[in-house]
Amino acid sequence: MALAFIFGSNQFNYQPDGILQFYDENASVRDTFQHVAKWTGLDVDTLLRADVAAEGSPEHQVRVNLVGLAAAQLSIHDILVEKGIRPAMVGGLSLGGLVASCVAGAVSREDLISLLFRGNQRLEPHEGGRAQGAATVFAPLAVDPEWYYGEQREGVWLGGDFGLEPTGRSRVLMLAGFRDALEKLRDEAPEHTVTVSEDVNIAVHTPLRAAALEETRRQVSEVPFSDPQLKLCSSIEQKVLTTAGEVREMFYRNVAEPMSNVHMYEGMKSNGAQLALVVGPSLIKDLLKFPFPVGYVDNPGAIPEAISAIFEHGVEIQDD
């Protein structure tokens, strides 16, 4: 049985307290942030405090947040490895899938950060000027999920399937599309089951990102990829990616196709995952149900808890 590392999706308003503690206490974390600052031209304080320090256009702010969170995830991964905690498999959602690819050795850190910082985060205008957005849905199991985003829901697409919440009574979905269509869905759905995000104005992981998809396809064609050295579980489809070409394809498919936590964790489960550690301030703690125990490592105090969980569950650690 094996240990998995999970890297979560971009959080536009994640709290940086834990990574600030890691930064103060660990030279390797400071080194990583210095490298990312050099590659992007940003200062370290902006990267560490992307939630408050980023200035400029909304597109620039998203880019800063992406590279700051990626730096945090990579840094915490490094601390775990320094303590002998090495995964047998890795995976992630959206941004996390790209970071997991880097951890698996399929793309260099500098190339990853460059792709994130150059990536198309622009809002592509649509005919009619309809605003875009995203929404979180807690869909009761008794209701067909496609009631929320199927063909009868013009302007709404499934952006992410996070699986069940801990009680098992509802499924957590991320929908994206046109804001007016999402607000109509909210008004027609059972009360308190659909929340339209106030701070998201791009229909991520949907066909509305077609222009960004093509731009990303061109960008990744210019970057060298290698075969992963760890089992890399995709969230685009239930599959372990084993070749450089598959990873490259995932990088651009990730732009306009829905992500699935279920695809990722079922892939991990089928490959013997006995315990997973969520690395960095990304997935909300205890929001989702997994088919194996999960620990959250987003601050220094979580390291001893992770070590205890590894011993408690008899998890095998990979050799260096």
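Quick caveat, the model's predicted, so the values are computed rather than measured. Residue indices begin at 1 and follow the sequence shown.
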Practice task
Using the side chain to side chain contact (heavy atoms under 4.5 Å, CB included) rule, pick out the option among Val279, Val278, Leu277 that qualifies with Ile6.
Solution key: Val278
Do the non-hydrogen side-chain atoms of [X] and [Y] ever get within less than 4.5 Å of each other?
| X | Y | answer |
| --- | --- | --- |
| Leu48 | Pro16 | no |
| Leu275 | Ile310 | yes |
| Tyr148 | Val156 | no |
| Leu42 | Phe33 | no |
| Arg118 | Gln219 | yes |

Is there a continuous path of hydrophobic side-chain contacts, each under 4.5 Å between heavy atoms, that joins [X] to [Y]?
| X | Y | result |
| --- | --- | --- |
| Leu47 | Leu115 | yes |
| Val172 | Val262 | yes |
| Val247 | Val223 | yes |
| Met264 | Val240 | no |
| Val200 | Leu182 | no |

Between the main-chain N or O of [Y] and the side-chain N or O of [X], is there a donor-acceptor pair closer than 3.5 Å?
| X | Y | value |
| --- | --- | --- |
| Glu25 | Tyr23 | no |
| Asn261 | Phe162 | yes |
| Ser114 | Glu110 | no |
| Gln274 | His313 | yes |
| Glu183 | Asp187 | no |
| Asp144 | Glu146 | yes |
| Arg186 | Thr195 | no |
| Glu266 | Pro291 | no |
| Gln152 | Trp147 | yes |
| Thr193 | Ala139 | no |

Exercise for the section: May I ask you to check whether Asn10 and Asn65 show a side-chain donor-acceptor distance below 3.5 Å? Expected result: yes
Least distance between heavy atoms, [X] atom then [Y] atom:
| X | Y | result |
| --- | --- | --- |
| Val194 | Ala135 | CG1-CB, 4.1 Å |
| Ile76 | Gly280 | CD1-CA, 3.6 Å |
| Tyr296 | Asp286 | OH-N, 3.4 Å |
| Met250 | Leu241 | CB-CD1, 3.9 Å |
| Pro281 | Ala72 | CD-CB, 4.3 Å |
| Leu287 | Pro166 | O-CD, 3.0 Å |

Problem - Evaluation steps, salt bridge (charged side-chain N to carboxylate O under 4.0 Å, His left out), between Arg218 and Glu214 - result: CA-CA 6 Å; Arg218 177 186 58 76; Glu214 292 308 314; over 6 Å; no
At what distance, to the nearest 0.5 angstrom, does [atom1] of [X] lie from [atom2] of [Y]?
| X | Y | atom1 | atom2 | result |
| --- | --- | --- | --- | --- |
| Trp157 | Glu257 | CH2 | CD | 14.5 Å |
| Arg86 | His77 | CZ | NE2 | 9.0 Å |
| Arg49 | Leu20 | CZ | CG | 5.0 Å |
| His263 | Met268 | NE2 | CE | 14.0 Å |
| Arg169 | Leu164 | CZ | CG | 11.5 Å |
| Glu305 | Ile303 | CD | CD1 | 9.5 Å |

Sequence neighbours excluded and cut-off under 3.5 Å, please list the side-chain donor-acceptor pairs for residues 93-104, or say none.
residue, atom, partner, partner atom, Å
Ser94, OG, His205, NE2, 2.9
Ser101, OG, Gly97, O, 2.9

Problem - Glu82, CD atom: more than 12 neighbouring heavy atoms under 6.0 Å - result: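 Result for CD/Glu82: enclosed.
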Handout entry: Carboxylate-amine/guanidinium proximity below 4.0 Å for Glu154 and Arg130
Key =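 Yes, Glu154 and Arg130 are salt-bridged.
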Exercise for the section: I would like to know whether Ile85 and Leu3 meet side chain to side chain contact (heavy atoms under 4.5 Å, CB included); could you show each step before the answer? Expected result: CA-CA 9 Å; Ile85 304 173; Leu3 176 67; 3.6 Å; yes
Exercise for the section: Establish, for the pair Arg248 and Phe225, whether the NZ or CZ atom is under 6.0 angstrom from the six-membered ring centre and no further than 45 degrees off its axis. Expected result: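 No, cation not above the ring by the 6.0 Å, 45° rule.
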Exercise for the section: Give me the ring orientation class for Phe7 and Phe5: parallel if the planes are under 30° apart, tilted from 30 to 60°, perpendicular past 60°. Expected result: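 Because their plane-to-plane angle is over 60°, the rings of Phe7 and Phe5 count as perpendicular.
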Handout entry: Tyr265 and Phe292 aromatic ring geometry - parallel, tilted or perpendicular at 30°/60° bounds
Key = perpendicular
Exercise for the section: Take Asn201 and Gln132 through the side chain to side chain contact (heavy atoms under 4.5 Å, CB included) test and state the conclusion after the steps. Expected result: CA-CA 5 Å; Asn201 63 359; Gln132 297 179 20; 5.8 Å; no
